[in-house]
Amino acid sequence: MAIDPEAQFHVLAVDDSLIDRKLIERLLKTSSYQVTTVDSGSKALELLGLREDQDVSSPSSPDKNEIEVNLVITDYCMPGMTGYDLLKKMKGSSSLKDIPVVIMSSENVPSRINRCLEGGAEEFFLKPIQLSDLIRLRPYMLKGKLKEQQPSQHQETNSAISSSSNNNSKSNKRKAMDEGLSPEKTRPRFSSSSLALVTYEETT
């Protein structure tokens with residue numbers, strides 16, 4: 001039996017309301033996602049391996065209970081740490097900044113929505129969340145997975161380019177020495193005086 005590709009995605013749902021947590025969990029599981037739910041932003045950060053009092057700009061040292069999450073969906077209005085606070089802490093952390101964040105709220109406040117989207121949120125959903133809303137999450141999770149894979153691929157590409165350019169440079173220098181020229185003289189140089197001379201000769 002083939003594994004549903006959606007089941008490979010893990011969503012962390014954050015909401016202080018038990019009813020809302022149960023609803024979002026049921027909808028996400030209907031979409032075949034793996035789901036973990038917590039009731040506060042600080043617990044979400046703890047699960048992700050970032051302590052609330054940790055300096056987000058410093059290199060993180062994830063705790064052993066860190067879980068791999070492909071997307072975080074959080075309520076905006078929560079006691080202690082709001083969804084916006086959680087978003088800012090995640091985007092300020094080198095280890096969590098690439099995890100897509102979606103914020104949900106029962107209140108349609110344009111200034112709040114704009115602030116969250118400008119702060120790095122992928123989407124702002126109005127409650128109650130619908131199944132059609134959750135279908136829109138998949139592209140963000142795919143993007144998050146690609147970003148996780150890119151750094152190692154990027155390093156491999158850079159080292160290959162660097163190695164190739166070093167080899168080319170050595171080969172050019174060796175060729176120049178074989179011809180009795182210095183590497184600097186292998187590239188032709190033009191000056192305005194030599195071009196003026198050519199122009200003058202052609203006109204005469």
Side-chain angles (χ1 to χ4, degrees), residues 1-52 54 56 59-106 116-117 119-154:
M1 183 178 173
I3 298 173
D4 187 339
E6 305 289 313
Q8 298 172 21
F9 293 123
H10 189 174
V11 180
L12 176 60
V14 190
D15 201 315
D16 61 310
S17 163
L18 176 62
I19 294 171
D20 286 343
R21 278 203 310 278
K22 291 293 182 188
L23 172 64
I24 193 81
E25 182 178 14
R26 185 162 55 82
L27 288 172
L28 286 164
K29 285 185 174 176
T30 300
S31 301
S32 301
Y33 296 124
Q34 293 180 52
V35 190
T36 299
T37 60
V38 291
D39 60 6
S40 69
S42 55
K43 284 184 182 176
L45 289 177
E46 192 179 330
L47 265 177
L48 294 166
L50 186 72
R51 294 189 308 278
E52 191 177 344
Q54 186 175 324
V56 292
S60 64
S61 51
D63 297 334
K64 288 183 179 178
N65 65 340
E66 179 189 9
I67 58 172
E68 185 184 341
V69 167
N70 303 111
L71 182 136
V72 171
I73 183 164
T74 177
D75 186 26
Y76 181 91
C77 291
M78 295 186 291
M81 184 187 296
T82 67
Y84 179 74
D85 295 334
L86 174 59
L87 169 71
K88 294 304 287 180
K89 281 189 175 288
M90 287 183 63
K91 294 305 172 186
S93 162
S94 57
S95 60
L96 305 180
K97 66 181 180 182
D98 288 336
I99 298 175
V101 180
V102 171
I103 294 181
M104 51 189 176
S105 176
S106 54
C116 290
L117 294 175
E122 305 290 350
E123 289 268 7
F124 195 107
F125 291 152
L126 290 176
K127 291 181 175 181
I129 300 296
Q130 307 292 325
L131 194 57
S132 57
D133 293 325
L134 298 185
I135 291 169
R136 289 154 56 188
L137 299 180
R138 191 170 185 274
Y140 303 124
M141 293 193 230
L142 285 170
K143 186 172 75 172
K145 265 197 175 298
L146 286 172
K147 280 188 179 179
E148 284 171 17
Q149 294 163 4
Q150 272 177 354
S152 59
Q153 292 174 352
H154 190 58

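Atom set for the values below is all heavy atoms of this structure, side chains included, hydrogens, waters and symmetry mates excluded.
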- Output every pair passing salt bridge (charged side-chain N to carboxylate O under 4.0 Å, His left out) with a member in residues 124-135, not counting sequence neighbours, ordered by first then second residue.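 Checked against salt bridge (charged side-chain N to carboxylate O under 4.0 Å, His left out) - neighbours excluded - the pairs reaching residues 124-135 are Asp15-Lys127, Asp20-Lys127, Asp75-Lys127, Asp133-Arg136.
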Give me the atom names and distance for the closest heavy-atom approach of [X] to [Y].
X	Y	result
Leu131	Ser31	CD1-OG, 3.5 Å
Tyr140	Pro100	O-CG, 3.1 Å
Asp85	Gly80	OD2-O, 4.2 Å
Ala13	Ile24	CB-CG2, 3.8 Å
Val14	Ala44	CG2-CB, 3.7 Å
Cys116	Leu87	O-CD2, 3.4 Å

- Test item: Lys91 side-chain N/O and Lys97 main-chain N/O as donor-acceptor pair under 3.5 Å: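 At least one qualifying donor-acceptor pair exists.
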When you compare the side chain of [Y] with that of [X], does any pair of heavy atoms fall below 4.5 Å?
X	Y	value
Leu48	Ile99	yes
Met90	Leu45	yes
Glu123	Leu137	no
Arg138	Tyr33	yes

- Query: Counting only heavy atoms not in Ile19, do more than 12 fall under 6.0 Å of its CD1?
  - Reply: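 Not more than 12 within 6.0 Å, no.
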[atom2] on [Y] to [atom1] on [X], rounded to 0.5 Å:
X	Y	atom1	atom2	result
Thr37	Ile73	OG1	CD1	12.5 Å
Ser32	Gln8	OG	CD	11.5 Å
Leu126	Ser106	CG	OG	8.5 Å
Ile129	Leu134	CD1	CG	6.5 Å

- Message: Just to verify, what does Ser40 make a side-chain hydrogen bond (donor to acceptor under 3.5 Å, both in side chains) with, not counting sequence neighbours?
- Response: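 Result, side-chain hydrogen bond (donor to acceptor under 3.5 Å, both in side chains) vs Ser40: Ser42.
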- Thr36: what forms a side-chain hydrogen bond (donor to acceptor under 3.5 Å, both in side chains) with it, not counting sequence neighbours?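 side-chain hydrogen bond (donor to acceptor under 3.5 Å, both in side chains) list for Thr36, sorted by chain: His10.
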In chain order, what residues pass the salt bridge (Lys or Arg N to Asp or Glu O under 4.0 Å) check against [X], with sequence neighbours excluded?
X	answer
Lys29	Glu25
Arg26	none
Lys43	Asp39

- Item | CA sep, side-chain torsions, deciding dist, call: Leu71, Phe9, side chain to side chain contact (heavy atoms under 4.5 Å, CB included) | CA-CA 8 Å; Leu71 182 136; Phe9 293 123; over 6 Å; no
- Query: Run the side chain to side chain contact (heavy atoms under 4.5 Å, CB included) check on Gln34 and Asn70 step by step: do they pass?
  - Reply: CA-CA 10 Å; Gln34 293 180 52; Asn70 303 111; over 6 Å; no
- Task: Check step by step if side chain to side chain contact (heavy atoms under 4.5 Å, CB included) holds for Lys89 and Leu96.
- Result: CA-CA 9 Å; Lys89 281 189 175 288; Leu96 305 180; over 6 Å; no
